[in-house]
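Keep in mind that what you see is a predicted model, and the values were worked out from it rather than measured.
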Amino acid sequence: MFFVGVGSGEAAAQFASELNIDPSLCFGDEGGSVGDALNLNKGFKTMWNPPAVSTMMARNDEESLKELGEAYKNAADAIGFQNLAPKDMQDTLRQGGTFVFRGDLLKFEHYDEKVGDNASIEQILASVRK
């Protein structure tokens with residue numbers, strides 16, 4: 001399993017270490033070339049989605065949200081916010097997605113339409129078991 005996010009490789013490694021994830025599994029997509037290749041949604045219109053935010057809040061307990069917030073704060077404190085954030089702030093307007101591959105075969109794909117519109121863990125696990 002690999003994780004790719006906006007920003008630099010340094011930021012991805014720092015964030016990974018804050019969440020106790022092996023940093024060699026985490027990559028930064030500085031400039032958004034991976035997001036562009038995957039045709040991920042982007043732009044200001046994708047940023048506000050109250051129903052999806054409510055769904056995201058419902059599937060995460062307060063402790064997990066605090067842990068994620070603390071990890072972000074600690075990463076920013078460790079390398080500085082300017083080094084954690086993407087150089088091009090437009091990259092922060094890019095949505096993500098979830099893609100499961102077995103070799104070259106795409107087993108599952110989900111494109112986040114707006115903030116909080118993530119694939120369910122049940123869908124992800126089902127695709128891994130196929």
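At a threshold of 4.5 Å between non-hydrogen side-chain atoms, the residues Val4 and Asp29 count as touching. In this structure, the side chains of Phe99 and Phe108 stay at 4.5 Å or more apart for every pair of heavy atoms. Side-chain contact between Asp117 and His110 is present, with at least one heavy-atom pair separated by less than 4.5 Å.
Between the side chains of Glu10 and Gln14, no donor-acceptor pair of N or O atoms lies under 3.5 Å. Judged by distance alone, the side chains of Asn118 and Asp112 do bring a donor and an acceptor atom under 3.5 Å apart.
We find the CG-CZ distance between Leu25 and Phe2 to be 6.0 Å, quoted to the nearest 0.5 Å. Between atom OG1 of residue Thr98 and atom OH of residue Tyr111 there is a gap of 11.0 Å, rounded to the nearest 0.5 Å. Separation of atoms CG (Asn39) and CD (Glu109) is listed at 10.5 Å; rounding is to 0.5 Å. Atom CD of Glu18 and atom CD of Glu67 lie 10.5 Å apart (nearest 0.5 Å). Rounded to the nearest 0.5 Å, atoms CD (Glu70) and CG (Leu19) are 11.0 Å apart.
Hydrophobic clustering keeps Leu40 apart from Val6 (ILVMFWY residues linked when any side-chain heavy atoms are closer than 4.5 Å, directly or through intermediates). Put simply, Leu38 and Val100 are part of two different groups of oily side chains (I, L, V, M, F, W, Y) that touch within less than 4.5 Å, one to the next. In the hydrophobic clustering of ILVMFWY residues, with side-chain heavy atoms under 4.5 Å counting as a link, Leu106 and Val34 come out together.
Between the side chain of Arg102 and the backbone N or O of Val128, at least one donor-acceptor pair lies under 3.5 Å. Remark: side-chain polar atoms of Asn41 are not paired, donor with acceptor, to backbone N or O of Arg94 under 3.5 angstrom.
Listed here is the closest heavy atom pair of Ala12 and Gly28: CB-N, 3.7 Å.
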